[in-house]
Asks: 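The following block contains the structure, expressed as structure tokens.
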4 protein chains.
Amino acid sequence: MNSFGNIFRLTDFGESHGTAIGGVIDGMPAGVEVDLDFIQQQLDRRRPGQSDIVTPRKESDKVKILSGVFEGKTTGTPIGFMIENENHHSADYSEIAKAYRPSHADYTYDCKYGFRDYRGGGRSSARETAVRVVGGAFAQLALKKLGIDIYAYTSKIGTIGIENDKLNYSTDEIESNAVRCPNTEKAEQMYRLVKDLKAEGDSVGGVVTCVIKGVPAGLGEPVFDKYNARLAYAMMGINAAKGFEIGMGFEGAEKRGTETIDNFYNYNGEVATRTNNSGGIQGGISNGMDIYFRVAFKPVATLLKDVETIDQSHNDIVLKARGRHDPCVAPRAVPVVEAMAAMVTFDLLLQNRCSKL
Amino acid sequence: MNSFGNIFRLTDFGESHGTAIGGVIDGMPAGVEVDLDFIQQQLDRRRPGQSDIVTPRKESDKVKILSGVFEGKTTGTPIGFMIENENHHSADYSEIAKAYRPSHADYTYDCKYGFRDYRGGGRSSARETAVRVVGGAFAQLALKKLGIDIYAYTSKIGTIGIENDKLNYSTDEIESNAVRCPNTEKAEQMYRLVKDLKAEGDSVGGVVTCVIKGVPAGLGEPVFDKYNARLAYAMMGINAAKGFEIGMGFEGAEKRGTETIDNFYNYNGEVATRTNNSGGIQGGISNGMDIYFRVAFKPVATLLKDVETIDQSHNDIVLKARGRHDPCVAPRAVPVVEAMAAMVTFDLLLQNRCSKL
Amino acid sequence: MNSFGNIFRLTDFGESHGTAIGGVIDGMPAGVEVDLDFIQQQLDRRRPGQSDIVTPRKESDKVKILSGVFEGKTTGTPIGFMIENENHHSADYSEIAKAYRPSHADYTYDCKYGFRDYRGGGRSSARETAVRVVGGAFAQLALKKLGIDIYAYTSKIGTIGIENDKLNYSTDEIESNAVRCPNTEKAEQMYRLVKDLKAEGDSVGGVVTCVIKGVPAGLGEPVFDKYNARLAYAMMGINAAKGFEIGMGFEGAEKRGTETIDNFYNYNGEVATRTNNSGGIQGGISNGMDIYFRVAFKPVATLLKDVETIDQSHNDIVLKARGRHDPCVAPRAVPVVEAMAAMVTFDLLLQNRCSKL
Amino acid sequence: MNSFGNIFRLTDFGESHGTAIGGVIDGMPAGVEVDLDFIQQQLDRRRPGQSDIVTPRKESDKVKILSGVFEGKTTGTPIGFMIENENHHSADYSEIAKAYRPSHADYTYDCKYGFRDYRGGGRSSARETAVRVVGGAFAQLALKKLGIDIYAYTSKIGTIGIENDKLNYSTDEIESNAVRCPNTEKAEQMYRLVKDLKAEGDSVGGVVTCVIKGVPAGLGEPVFDKYNARLAYAMMGINAAKGFEIGMGFEGAEKRGTETIDNFYNYNGEVATRTNNSGGIQGGISNGMDIYFRVAFKPVATLLKDVETIDQSHNDIVLKARGRHDPCVAPRAVPVVEAMAAMVTFDLLLQNRCSKL
């Protein structure tokens, strides 16, 4: 189903080259001031054409609020919104209509539905993530009022990664370059790599790290709906995501208990842990420390190169290089990761209001 | 909430030292023969006390079916079941009642609920995963009839891991040793490591790999409910899980598109891909190739050593070593990973019946 | 929440005088031809201004499909749609903004949200039911292909009602008059009553009867999600609905078992019942006979008369007669009842595909 | 599905003659004292064999709590519970196994599942409602602490009904007789009627009225999840229910707006309405006045008389009178109606905590 969340719930619609993409936000509490500039700014960070290392598709991505906001504030009723697709008449799809592009969703959609909107990837296009950014921005507006801050950044592109990542960065540091890496030296290397690959028509993978600060202890549900499980679900639902880890993650699997337990101590009257290998979550529930996790993105499969594949009749074909491409998804995935993290966090926060009478 | 799945749905209850743990399986189709031996066998693979490298808690873990099965077959109505806790009067919890054990859920549960069943971890105990194994076994009974096979195994403990993992193993190979690693040389090394750490009172992390064979192309939902997102959610909800990756995973983030796209070809009339970096899922939907993923588990936090921490009044204390512990969670997590994968797969399979008229 | 249905699910947004109302239909199977004329025709039956006995508000109620339809057929992905509000700048709301109109939702919305969009009733306006009509029309398109036919009609207005209702009518009979009553004699009396009350500025209640034909035996879920329970939920969620009864309904409560059991018999090889007091549903599941039920609507509370009430500061006030009103909701509720019945039926039908392996 | 509620959610399992019936209550807040006597007392009001006018089946209906309660208080984790079926080996079902009893669910279950547990009605037996009574009792424990009181009573059996029902009664008045009618004169007539019909082997329908007092203004959701829609769904899911009406109900459909609007006035600083035709709910949301509604129950279809019907092979047969029967369901439905009303109310109350930031 195309809805996300239990109490704060985003329902998402739209294809890459249809009339519009959009959604409905249900469960947004009443009385929150709607900062339209913030929402548009988050969209702009995801927008194509924002720099010389991303896909040049022309879309202004202006969001139009259709309901649920009155006199500048949320009313508690559902917020319908849409983003018109401006670029939807441009292409000739006769070749792509019948081809199954490698590592794309053409074949799998045909298997599932017997039929698909093949224009620009249709529903499987990453264009859909703009809707998530709007949903996330509303959640962020509420979270900010509660002192919760969420930011993400590119921590790795190809083999170029931040070492001993300190996790604490300002938005200015992150936004200071086109790859959204707060380490300026690495950022410069990443930028050159992506630019070179763009020229070659190739692509490269990357890792986005996200930090959530200010979450009170006690958020998350036991068993299935652990905070970390909800985050993993949210992140792995983003296009091109192939991996998720929280706290010490895969590296922790190599270690021993004596090396990794996070001892509690009394820090000026507050409960704190001396280390944070848990990533701020224990038993699926936040412990008040910073939450941090990493999402691995594959190199996108759209290349400006000829590729061998098959068509709908299962004949071998060669698809000719054409169009435009996004050599590395990480920089534009940053606001999407933030949006998904915000929706998960706010939903759990609302859910938590019901845990005690 | 304590339910898992949309159409095939497990609702799970129970604390480590309460009267019983159990659950309700809703959405199990009618007419499936119930192989009680298979269900019990899966439980036995998860059971404490099954070998000399796991926790020695005494539990027979016998499942009792209360409804939904008639004359040996499922009726389509909910299957209630329970597993009585036999070992629930044994301990003195006066010390643990007030302490917050490091990297456990004691503190976070108190923050969430203001109150907790502290006996043996209560609801946060991994004992609860026995319920998932029962749910998963019912899903597996249905999947087997449809030609879908799921198996998991320990692929890494500490730094000892299978290299160039070929992914294809028989159940016999996996079950041939106590660590459930099908590579006998590595298995032997892993076993010795775990045994040594048990003697030391320490613990170690591990990685479990899972393979799903025979899934028809077309399962999974676009956008949020991608097959991989549902798997990630399922796995990260297992106690001690800290990471999830599918197909090429985090390693793929270091690579280029030209190295990683999975070219389609016509294999004797069937659609196949020459490589399987995608891990059998494209655009969130299965493509008919093998699905495989890895789950990272942290070293468990229960150590037989004194640890520094605080109590409910936020006083610094030292918790004395006591009781029993499980030095590595991976071997017993294997059937839990299989169970969760089975429930996800069967739920998506039922959901898929509604994608075309 | 503002979603309806489990597998076939409508999410609904919009206020009476906002930019637009609309929705997202999720779970519509792929490959169904979209008859836009039929959808618009259903909307036109609900539209204000369609006759001289309904509210004269000027709205063309043209639906705009934003996604999920490609080359004239559904794609299986969510169908976003909207209906622009044309009449949204016309009024002066300074008085109504502070008043609590009797038997309206002004006071209750303020209690719930602390704040409301007061223009024309905002979210509580019956204008929202246009969205349901679109959702229902999509369900009807699918049901028609499966041989299931749904129609509703006005069976009572005030004390004027069809006696010994035979339940079988053609659409032409129903649509032959402005009150949508297939009994022409009663229709004429009803019409005159409504017209007189309109002139007086008063309103009157009514009953809508709905018949569902061609439902195969076996739809509906045991226990909570009985077909009749789902219908009751759907109908009582329509504005102004105060009662629901199925089959013999409240009259049956006065009778004896020997008078009311529906004996089965073999009718040319088919299972049939000699009477149909059950209304086609037994144990919550359809038995293959016609399903029929009745919905009671109250006289709408908007009157063209001065009314005594209070304002937001709890002062006693007299609200002056103003604007326009709908003297009887039944005729325009007919397509809404059909839409809700269609969504319930189609959702259960999809759900039923999972009841056997 | 077999779950009820969104935040406070009961999942229900069990067949009439299986091992046990039971359920899981999810979403019960932590820290509520569990009054086991109250829970058992509610079960006893529903229990068979409680008087000489109900079915004599022997069941003690003792509930066993399996989890979620610790030191006499709820922990916030799921409450698993069961009621063992004591009477499950007594009968010979060879005849009933193949017959389709009129107005029972035998035929419809076979159509849905292809197979059924035919012993005593299996899943379709009203025995299942004991599970709802337990779920409702937990909700009532929480509601009582919040000053919300719910009671139901038999207001009509056959044509004998309370006239000008004043709606206000004490539990003592209701419990003073076996039919649970607080009007002692009518109660006496009802009792004699039921007793006579029991002797004849016939049955009779009835109406149960329910009143909810102390609900704060503001509960309920707009559009689909109106408080009244949720109540209707809950009530029509009870076995044998055929009708639901709230406030003025079907009678209101005959009236005019000027006769039925509920004028607001300032009652000692509080908002009140001069009449309560709305039944305490306006626009789907509570207005602070008493909520009241009525549920119509059909005469149960189990008669101690020979009945004509068909068998599984569609042959005409005569089913001989046998066993025991319940001549009027209303008196035992009273606690079930209360339970369902309590679960709806508490769920909406928890949901409402999220309507403002």
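Residue numbers start from 1 in every chain, and the chains themselves are labelled A, B, ... in the order their sequence lines are given, proteins ahead of strands.
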Asks: Could you look at B:Val223 and say if it's the side chain, the backbone, both or neither that has a heavy atom under 4.5 Å from chain A?
Replies: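 Both the backbone and the side chain of B:Val223 come within 4.5 Å of chain A.
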
Asks: Counting only heavy atoms closer than 4.5 Å, note whether A:Ser3 contacts chain B via side chain, backbone, both or neither.
Replies: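 Contact with chain B: backbone only.
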
Asks: Locate the shortest heavy-atom distance separating A:Tyr107 from B:Ala217; write the atom from each residue and the value.
Replies: OH-CB, 3.9 Å

Asks: Measure across A:Ala229 and B:Gly237 and return the closest heavy-atom pair with its distance rounded to 0.1 Å.
Replies: CB-N, 3.7 Å

Asks: Answer whether the closest heavy-atom distance between the side chains of B:Phe224 and A:Arg132 falls below 4.5 Å.
Replies: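 Side-chain contact under 4.5 Å: yes.
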
Asks: With a 4.5 angstrom heavy-atom cut-off, which part of A:Ala330 approaches chain B: side chain, backbone, both or neither?
Replies: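 The answer is neither part of A:Ala330.
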
Asks: Within the structure provided, determine whether B:His104 and A:Ile261 are in side-chain contact (heavy-atom separation under 4.5 Å).
Replies: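 Of all side-chain heavy-atom pairs linking A:Ile261 with B:His104, none is under 4.5 Å.
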
Asks: Is B:Ile160 close to chain A through its backbone or its side chain, or both, or neither, when contacts mean heavy atoms under 4.5 Å?
Replies: neither

Asks: Measure the shortest side-chain to side-chain distance between A:Ser286 and B:Lys112 over non-hydrogen atoms and say whether it is less than 4.5 angstrom.
Replies: no

Asks: Within the 4.5 Å heavy-atom criterion, are A:Lys298 and B:Thr260 side-chain neighbours or not?
Replies: no

Asks: Find out whether A:Lys242 and B:Glu251 are in side-chain contact, i.e. whether some heavy atom of one side chain is under 4.5 Å from a heavy atom of the other.
Replies: no

Asks: Quick check on the interface: out of B:Asn263, B:Asp202, B:Thr309, B:Val204, who has the most heavy-atom pairs with chain A under 4.5 Å?
Replies: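 Going by pairs under 4.5 Å, I would pick B:Asp202.
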
Asks: Top residue by heavy-atom pair count (under 4.5 Å) with chain B, among A:Gly243, A:Ala301, A:Ala240, A:Gly121?
Replies: A:Gly243

Asks: Using non-hydrogen atoms and a 4.5 Å limit, figure out which bit of B:Asp316 sits close to chain A: side chain, backbone, both or neither.
Replies: side chain

Asks: Below 4.5 Å from any heavy atom of chain A, which atoms of B:Leu193 appear? Answer side chain, backbone, both or neither.
Replies: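 Contact with chain A is through the side chain of B:Leu193 alone.
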
Asks: Do you know which of B:Val207, B:Ile157, B:Asn6, B:Asn228 has the most heavy-atom pairs under 4.5 Å to chain A?
Replies: B:Asn228

Asks: How many angstroms lie between CG in B:Asp106 and CD in A:Gln282, if you round to the nearest 0.5 Å?
Replies: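 With rounding to 0.5 Å, CG (B:Asp106) is 9.5 Å from CD (A:Gln282).
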
Asks: Do A:Ile246 and B:Met236 come close enough that some side-chain heavy atom pair is under 4.5 Å?
Replies: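 The answer is yes, as the side chains (C-beta and beyond) meet within the 4.5 Å cut-off.
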
Asks: If you count heavy-atom pairs under 4.5 Å between each of A:Leu303, A:Thr159, A:Thr258 and chain B, which one has the most?
Replies: A:Thr258

Asks: Tell me, side chain or backbone of A:Glu259 under 4.5 Å from chain B's heavy atoms, or both, or neither?
Replies: neither

Asks: Of all heavy-atom pairs between B:Arg256 and A:Leu197, which one has the smallest distance, and what is that distance?
Replies: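 The pair with the smallest heavy-atom distance is NH1-CD2, 3.5 Å.
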
Asks: Which distance, rounded to the nearest 0.5 Å, do you find between the OH of A:Tyr227 and the OG1 of B:Thr108?
Replies: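 Those atoms lie 13.0 Å apart.
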
Asks: Heavy atoms only, distances under 4.5 angstrom: which of A:Gly252, A:Gly158, A:Ala232 has the most pairs with chain B? Name it, please.
Replies: A:Gly158

Asks: Out of curiosity, A:Asn239 CG to B:Lys226 NZ, how far, rounded to the nearest 0.5 Å?
Replies: 4.5 Å

Asks: What closest approach, in Å, do B:Arg123 and A:Pro222 show between heavy atoms, and which atom pair accounts for it?
Replies: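 Reported closest heavy-atom pair: CG-CB, 4.2 Å.
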
Asks: B:Met235 versus chain A, heavy atoms under 4.5 Å apart: side chain, backbone, both or neither?
Replies: neither

Asks: For B:Tyr100, is it the side chain, the backbone, both or neither that has a heavy atom under 4.5 Å from a heavy atom of chain A?
Replies: both

Asks: Given that the side chain runs from C-beta out, which part of B:Ala241 has a heavy atom under 4.5 Å from chain A: side chain, backbone, both or neither?
Replies: backbone

Asks: Relative to chain B, which of A:Tyr109, A:Tyr113, A:Phe264 shows the most heavy atom pairs under 4.5 Å?
Replies: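 Option with the top pair count is A:Phe264.
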
Asks: To the nearest 0.5 Å, what is the distance between CG (A:Asn266) and CD1 (B:Ile310)?
Replies: 6.5 Å

Asks: Over all heavy atoms of both residues, which pair between A:Lys156 and B:Glu254 is shortest? Give the atoms and the distance, please.
Replies: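 Heavy atoms of A:Lys156 and B:Glu254 come nearest at NZ-OE2, 2.6 Å.
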
Asks: Would you name the heavy atoms of B:Phe250 and A:Ala296 that are closest together and state the gap between them?
Replies: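 In this case the closest contact between B:Phe250 and A:Ala296 is CD2-CB, 3.6 Å.
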
Asks: Is there side-chain contact between B:Glu245 and A:Phe244, with heavy atoms separated by less than 4.5 Å?
Replies: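 No, side chains not in contact.
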
Asks: With a 4.5 angstrom heavy-atom cut-off, could you sort out which part of B:Ser124 is near chain A: side chain, backbone, both or neither?
Replies: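 Neither the backbone nor the side chain of B:Ser124 comes within 4.5 Å of chain A.
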
Asks: Quick check on side chain to side chain contact (heavy atoms under 4.5 Å, CB included): which of A:Asp262, A:Asn287, A:Asn277 does B:Ser103 satisfy it with?
Replies: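 The side chain to side chain contact (heavy atoms under 4.5 Å, CB included) with B:Ser103 is passed solely by A:Asp262 among A:Asp262, A:Asn287, A:Asn277.
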
Asks: What I'd like to find out is whether the side chain of B:Asp225 reaches to under 4.5 Å of the side chain of A:Phe4, using heavy atoms alone.
Replies: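 Not touching, per the 4.5 Å side-chain cut-off.
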
Asks: For chain A, find which of B:Gly279, B:Ser278, B:Gly288, B:Gly201 contributes the most heavy-atom pairs closer than 4.5 angstrom.
Replies: B:Ser278

Asks: Given that the side chain runs from C-beta out, which part of A:Glu308 has a heavy atom under 4.5 Å from chain B: side chain, backbone, both or neither?
Replies: both

Asks: For chain A, which of B:Cys111, B:Gly257, B:Ala105, B:Gly283 has the most heavy-atom pairs under 4.5 Å?
Replies: B:Gly257

Asks: If you count heavy-atom pairs under 4.5 Å between each of B:Cys328, B:Gly249, B:Gly161 and chain A, which one has the most?
Replies: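 It is B:Gly249.
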
